[in-house]
There are 4 protein chains.
Amino acid sequence: MKTGMAENRDPRQVIIVAAKGLFARFGLGKTTMEDIARASNKAKSTLYYYFKSKEDVFTSVIMLEIAGLKAAIGQAVRSEDDPGDRFRVFVETRLKYFSKKTDQYISIREDYHKHHGLINDLLDDYSQWEIATIKRILEYGSAKGVFDVHDFVGVSRGLFLALKGLEYPWVVDISKNELEKSTAILLDILLKGVSRN
Amino acid sequence: MKTGMAENRDPRQVIIVAAKGLFARFGLGKTTMEDIARASNKAKSTLYYYFKSKEDVFTSVIMLEIAGLKAAIGQAVRSEDDPGDRFRVFVETRLKYFSKKTDQYISIREDYHKHHGLINDLLDDYSQWEIATIKRILEYGSAKGVFDVHDFVGVSRGLFLALKGLEYPWVVDISKNELEKSTAILLDILLKGVSRN
Amino acid sequence: MKTGMAENRDPRQVIIVAAKGLFARFGLGKTTMEDIARASNKAKSTLYYYFKSKEDVFTSVIMLEIAGLKAAIGQAVRSEDDPGDRFRVFVETRLKYFSKKTDQYISIREDYHKHHGLINDLLDDYSQWEIATIKRILEYGSAKGVFDVHDFVGVSRGLFLALKGLEYPWVVDISKNELEKSTAILLDILLKGVSRN
Amino acid sequence: MKTGMAENRDPRQVIIVAAKGLFARFGLGKTTMEDIARASNKAKSTLYYYFKSKEDVFTSVIMLEIAGLKAAIGQAVRSEDDPGDRFRVFVETRLKYFSKKTDQYISIREDYHKHHGLINDLLDDYSQWEIATIKRILEYGSAKGVFDVHDFVGVSRGLFLALKGLEYPWVVDISKNELEKSTAILLDILLKGVSRN
DNA sequence: AATGAATGAGTGTTCATTCAT
DNA sequence: AATGAATGAACACTCATTCAT
């Protein structure tokens, strides 16, 4: 039933997929409707048949992306029993997703402000979901006596913030290998700290 | 003799200050030369008397900002003796600087790619400086027997990444208070970890 | 069915025609896209729907012009049998074309240097075509025993250069009549010389 | 008494000399007051102390140039006795002058129209002088029985036009050597013609 | 369902010119 | 006599969006 042709699919989906790649590489601002039209093999005005505006395309892309992230992370986390591994797998899955594209439009700041109405909610929602997920891991680990946490909310937020840094590997033009090494070290720090106990 | 008027100052400085505010709020892409001209009470073409291009204005702003950051952090760090406090004060000074402006243009991704030539160098340089500073703190702490670190380079990078997350308090619309609390918790995690030893 | 309205025609053609008049009168540099837009009754941005840039409009105009010139000259030349008349008709057709517009953008020097990339090729090509055409006339005349030429290439070039001067009737604000008279005299000189044999 | 420093001279002269070089290379339109200021080692506004406008600088340059041309040509012509040589030397001196600079601002068309007021007169005047000079040579040659000319005015104009072509060697990207060869051939044609007598 | 054509509102940048000193 | 500072007017070009078909 499935053909290899992307063109046979739901045109909305075709556009979203094309736009996803462009947004990921160039961000919202730098990606033009012309670009999206070309990439999705449609006329520019056709995009407006399926989407209200460029912003509408963008939010659709983000929504899809977030759904994918949530599913992937949720599944990966549940596959581990050890709380430390659960956290580790959470971070790694997240990283795999983020590092797939050099740029992560989810984290584009400029766009965030230009279009804070819609995007803000999406991102906030996703962040809250991440924090909640971390919190669940912490509770799970505490129940198992592996983690030593009392302020679950605060610590979840702290870990969340620490992991946010992983979204910006570009700053020091790090290679995939080095990023993985840095991630492992960061995980280690977060679990054990740097102080001599 | 001093008047309160910004207009009496060095026009280059006046422009930079005006631009700083705009860049911080709207990013490089969304801030127009028209905006900067209006904000600095000058004709648009006057900006080109003092700066070669918009990018040049931007770079000047960033350079100033980075210089301020380096000075503030360096001084704060040196004022503490305890390695843990040294690290803490490093993070807090950094945070104070970043949270002063809702948006931190230093971390604007889109612009980063559009103009990676000039900006890249500045940011890389600053990031390397931060990592080096962290490394120095770690070495100091290790020498004092407070920290338990061997891979200084790797751990510096890990901590650097973790702190990067603090540049994005906007993700969860956090208040200043909550951000400070989160920072304290993050610091605690980084120093002691979450695992029961 | 045909209306007299230029507006019903192919828009690309409408723009080219409008631009042709402007370029002829004011040259490339002085003619703005705004001007062309106004003259062709289109929005400025519409021009960019049909042409990549101002230079692109210009090149299109020139190409059209050159094609017309080549056709007109080629046909006229072939219509004469006597070699002297062939040369005469060559010059006259050329002149008719050039004198139709006060200014001949083909010969605008400033533009030539500003945009030498594209225009250079066109002009070179046309000049070479003219030289070749002259050479063919000379060969034809020599075969018929009318012309006394041996260095065909050199003499073709020399005649070409002499005729170039006709593109600049403006220098001495000459009337159409006087220009024609001067042309006839020039032709006579080129054929018979000024020296008493 | 003379110092080697151009700066010690009459500032007006210094500016004119600097502008001359720039106009010759880039034409009036492409040469900015900024360029002239830099080249004459003066502040941009200083130019306006000595000249009313850019156009004023330009006409001053042209006037100087024309004076030089007239002097050089006049002198060279008078140095020859043979009428043919007189004409030959006229052309060669002219050519030497024109070919010294790849571009000859005197012949820039675009500028001609942009500023036809002043420049027109200058150029017309110079052209008339050239035509008159040619006429004098023809009369001299006729009196000596070397030239076979009756319509002195018409033939002067024809020769003038033919020589105008030499101002545009750029069209066929000709080398100095080839230009000289072409000039010799053109001279030969003008004196003897191409027809078998 | 899909699009070619068209456009308004901007964008960064240039430059001749002015003027207070 | 000389100039640093400032500017208005223009310029080529971009792009999200609209609309008739």
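Only this structure's heavy atoms are used, side chains among them; waters, hydrogens and symmetry mates stay out. In what follows, chains are A, B, ... by sequence order, proteins preceding strands, each numbered from 1.
- Separating the OH atom of D:Tyr48 from the C1' atom of E:dC15 is a distance of 8 Å, rounded to the nearest angstrom.
- At whole-Å resolution of the value, CZ in D:Arg38 and C1' in E:dC15 are 12 Å apart.
- A:Phe51 has its side chain within reach of A:Arg12: a pair of non-hydrogen atoms, C-beta onward, lies under 4.5 Å apart.
- Across all strands shown, the partner of F:dT21 is E:dA2, judged by Watson-Crick or G-U wobble contacts whose two distances both fall under 3.5 Å.
- Rounded to an integer number of Å, the gap from CE of D:Met33 to C1' of E:dC15 is 10 Å.
- Among all heavy-atom pairs drawn from D:Lys52 and D:Asp56, the shortest one is N-OD2, 3.0 Å.
- Comparing C:Glu34 and B:Pro11 by the nucleotide of DNA chain F that holds the closest heavy atom to each, the one mapping nearer the 5' end is B:Pro11.
- Considering only heavy atoms from C-beta on, A:Ile16 stays 4.5 Å or farther from A:Val57 through its side chain.
- For the pair D:Leu47 CG and E:dA16 P, the computed distance is 10 Å after rounding to whole Å.
- Look at D:Thr46 and you'll find a side-chain N or O under 4.0 angstrom from OP1 or OP2 of F:dT3.
- A:Thr32 comes within 4.0 angstrom of sugar-phosphate atoms only, judged by non-hydrogen atoms across all strands, and of no base.
- Judged by atom type and distance alone, A:Lys44 reaches the base of F:dT17 through a side-chain donor-acceptor pair under 3.5 Å.
- Between the C1' atom of F:dT14 and the CG atom of A:Asp35 lies a distance of 12 Å, rounded to the nearest Å.
- Not a single donor-acceptor pair, N or O on each side, falls under 3.5 Å between the base of E:dG12 and the side chain of B:Ser53.
- Per the geometry, CZ belonging to A:Phe51 stands 16 Å off P belonging to F:dT18, to the nearest Å.
- If you measure from atom NZ of B:Lys54 to atom C1' of E:dT14, you get 17 Å, rounded to the nearest angstrom.
- Shown here for B:Thr31 and B:Lys54, the closest heavy-atom pair between the two residues is O-NZ, 2.8 Å.
- Between the NZ atom of C:Lys52 and the P atom of F:dC13 there is a distance of 9 Å, given to the nearest Å.
- For the pair B:Tyr49 and F:dA5, the criterion of a side-chain N or O lying under 4.0 Å from OP1 or OP2 is met.
- A pairwise comparison of heavy atoms in A:Ala18 and A:Ile36 identifies CB-O, 4.5 Å as the closest pair.
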